[in-house]
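For reference, the structure is listed below as C-alpha cells.
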Number of protein chains: 2
Amino acid sequence: MTERSFLHPGAEEIALPDLLFALSDPTRLAVVAALADGAERSCGELGGDVPKSTMSHHFKILREAGLTRARPEGTRCRLTLRRAELERRFPGMLDAILKHAGK
Amino acid sequence: MTERSFLHPGAEEIALPDLLFALSDPTRLAVVAALADGAERSCGELGGDVPKSTMSHHFKILREAGLTRARPEGTRCRLTLRRAELERRFPGMLDAILKHAGK
DNA sequence: GGCTATGTTCTATAGCTCTCGAACATCAGA
DNA sequence: TCTGATGTTCGAGAGCTATAGAACATAGCC
C-alpha cells in the first residue's frame, strides 16, 4: 500500500448513477456479491485469475463509488461492503440488486 | 420510424449488468423515472432540451437493455416501461432503484 | 540487509460511450 | 402532393473504460 489510507466518499456523497455504474460490470458485481455476507476479504481472495492490476482498477471504482471500504493490513488490503451506510442511504436497494446477481 | 418495429430482448434475455449500465446514466435514469407511473409517453415528451439524436441514442440503450418497450404510432414513437416483465425477472429491483432516483 | 508476498501506480492500447449536427425516413394534414 | 412534425441513422470528435505488463512501494520474515 503506497498510501496509508484510501479515499472513500462520505455516505451522503454516494451518488446513485455511480453506484449503478460500478455494479454494471460483471467482474465488479461478482466482487460485491462475494462481499455480501459481510465478511472482510483481501484483494487476493477476490481476484480469481484476473491480473492484479486489472483488479486494482476495479477495486478503485468500487471504492470511489462508495460500495466498498478498503483497510490496509500489513501488505494486504482488506475489503468490506459498506452495507449499513448504503442501507441507510438507499434502503433496500443493494439487497434487491444482489438478490439477482448472476443473472 | 424507418423500421416498423424495434428490437427488444425477450424477458429471459435481459441481463442484470446491461440493466444497471442503462440506469447508470442520469439522462436515462430520468427517462425511466418519468415512465415509472406506467403511462405511455412519446420520445418528444421525454427529451427536455437534449438534442433528438442524443436522446435517440439513449432510447436505444434503454430498449436493448430491456427496460423500455417502443411502439411506433404514426410518426411518433411511444415508450413504456416493461414493468411487469422486469418485476417477474428481477422482483423488487426496479422499484428499489427508482425509489432513489434523483440521488 | 535480502527475499518474498501483496497490491498499487504508471503507461500504453484497443474499444466503447456520449454528444450532436446533418441527412434521411415516415406519417398526418392541408 | 407539398409541408411540417417526429424520430432514426450516419458520421465525426472527444473522452472515458477495460485490460494488462512493467515498475514501484510496503510489510513480514529469514
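Numbered from 1 within each chain, the chains take letters A, B, ... in sequence-line order. Fair warning: this is a prediction, and the values are worked out from it, not measured in the lab.
The aromatic rings of A:Phe21 and B:Phe21 are tilted relative to each other, their planes meeting at an angle between 30° and 60°.
Classification of A:Glu73 and A:Arg71 as a salt-bridged pair holds, one side-chain N sitting under 4.0 Å from a carboxylate O. Ion pair B:Arg82/B:Glu85 flagged as a salt bridge, since at least one NZ, NE, NH1 or NH2 atom sits closer than 4.0 Å to an Asp/Glu carboxylate oxygen.
Under 3.5 Å, the side chains of A:His100 and A:Lys103 contain a donor-acceptor pair of N or O atoms.
When the P atom of D:dA27 is taken as reference, atom CZ of A:Arg78 falls 17 Å away, rounded to whole Å. Taking atom CZ of A:Arg76 as the reference point, atom P of C:dT8 lies 13 Å away to the nearest angstrom. Taking atom CD of residue B:Glu64 and atom C1' of nucleotide D:dT9, one finds them 13 Å apart after rounding to whole Å. As a whole-Å value, the separation of B:Arg63 CZ from D:dT9 P is 7 Å. Residue A:Lys60 contributes atom NZ, which lies 11 Å from atom P of C:dT8 at whole-angstrom precision. In this structure, the NZ atom of A:Lys52 is 16 Å from the P atom of D:dC24, given to the nearest Å. Spacing between atom CD of B:Glu73 and atom C1' of C:dT26 amounts to 14 Å, rounded to whole angstrom units.
Side-chain N/O atoms of B:Ser42 include one lying less than 4.0 angstrom from OP1 or OP2 on D:dG7.
The side chain of A:Ser56 has C:dT8 as its nearest neighbour among D:dT8, C:dT8, C:dT26.
Here the closest non-hydrogen pair linking B:Ala96 and A:Gly92 is CB-O, 4.0 Å.
Tested against A:Leu19 for a side-chain contact (heavy atoms from CB on, under 4.5 Å), the candidates A:Leu62, A:Ile97, A:Leu86, A:Leu94 yield a single pass: A:Leu86.
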Base-contact (B) and sugar-phosphate-only (S) positions in nucleotides 14-24 of chain C, heavy-atom cut-off under 4.0 Å, - elsewhere: ---SSBBBB--

